[in-house]
Amino acid sequence: MKKMMLVAVVLGFGGMGVAADGKFAWPEGRLAAITLTYDDAIRASDLDVAAPQLDRAQLKGTFFLMGKAMLTEDVPRWRALADSGHELGNHTVNHPCRRGTFDMPPQYHSESYSVDVLLTEIRVMNTLLTALDGKAVHALATPCGHTEAGGQDYIAPLKASGLASFIRDPSVTVDVPRGPKVLGNGFVGTSGADMIAWVKQVEGAGGLGIVVFHGVGGDYLSVTAEAHQQLVDYLAANRARIWTARYSEAMAYVVKQGR
Ligand SMILES: [Zn+2]
């Protein structure tokens, strides 16, 4: 799993629209929301670095787990992560992406899948997640931000299946009349100062900022542990103005409040 799990570095989560006055009413008068998401079940980055930093700051993140990266011996740790209030999400079992995205056996290319096979895989991953966190529904992050299986777009059948409470993908928007501006960013090699500068842009827009991390303090597509700590410290110090929310918590709020 050292090979690159590529996602679009800048994710265009736009299209939700801005209320007429440009302001969206975040909880307790806060000005903006940030959701920190961590992909691919990267055990060292997630369990040893990112989650402990968040815990010390009393912030919670969302971990989109990929079944094939998970070791049996880590089950108690993923369960403890969920028990401590972090969100577990679905990132499929085998992480199919388009041929040529990164080096992986051809049977895992999305061209080799069918929609039915992928939805079955997502259902199996949900069962694993439920065994870990006891929750009946889970959000899903699309592998590589690709939405085809066997040449067919799977977003509509995925929505119809009810297997994902929310779908994190640049092409998927939440259709509410008064939603916030939504900004996405997949930080790779970004300094703490630059991540904080981006959060300030989200604040300025009164928006929802969706951050996608992979490696933290190592692994791949990474930011350093120090940079991640600086971002966490900024979010903790500014918690009265910025709502750092789990992904599904933020999305559920947007759906309810943006109606
Ligand atoms: Zn991924």
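First listed ligand is number 1; within each ligand, the first listed atom is number 1. Source: prediction; values computed, not measured.
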task = Look at the rings of F213 and F187 and say which category their plane angle falls in: under 30° parallel, 30 to 60° tilted, over 60° perpendicular.
result = tilted
ask   = Does the shortest distance from the Zn ion (ligand 1) to an N/O/S atom of C144 fall below 2.8 Å?
value = no
task = Would you check if the Zn ion (ligand 1) lies under 2.8 Å from any N, O or S atom of H214?
result = no
key: No-hydrogen, no-angle side-chain donor-acceptor test under 3.5 Å, S114 and D116   = no
ask   = Does the ring of Y247 carry R168 above it, NZ/CZ under 6.0 angstrom from centre and within 45° of its axis?
value = no
query = Honestly, is K68 close enough over Y108, meaning NZ or CZ under 6.0 Å from the six-membered ring centre and within 45° of the axis?
reply = yes
task = Using 2.8 Å as a strict upper limit, say whether an N, O or S atom of D40 approaches the Zn ion (ligand 1) that closely.
result = yes
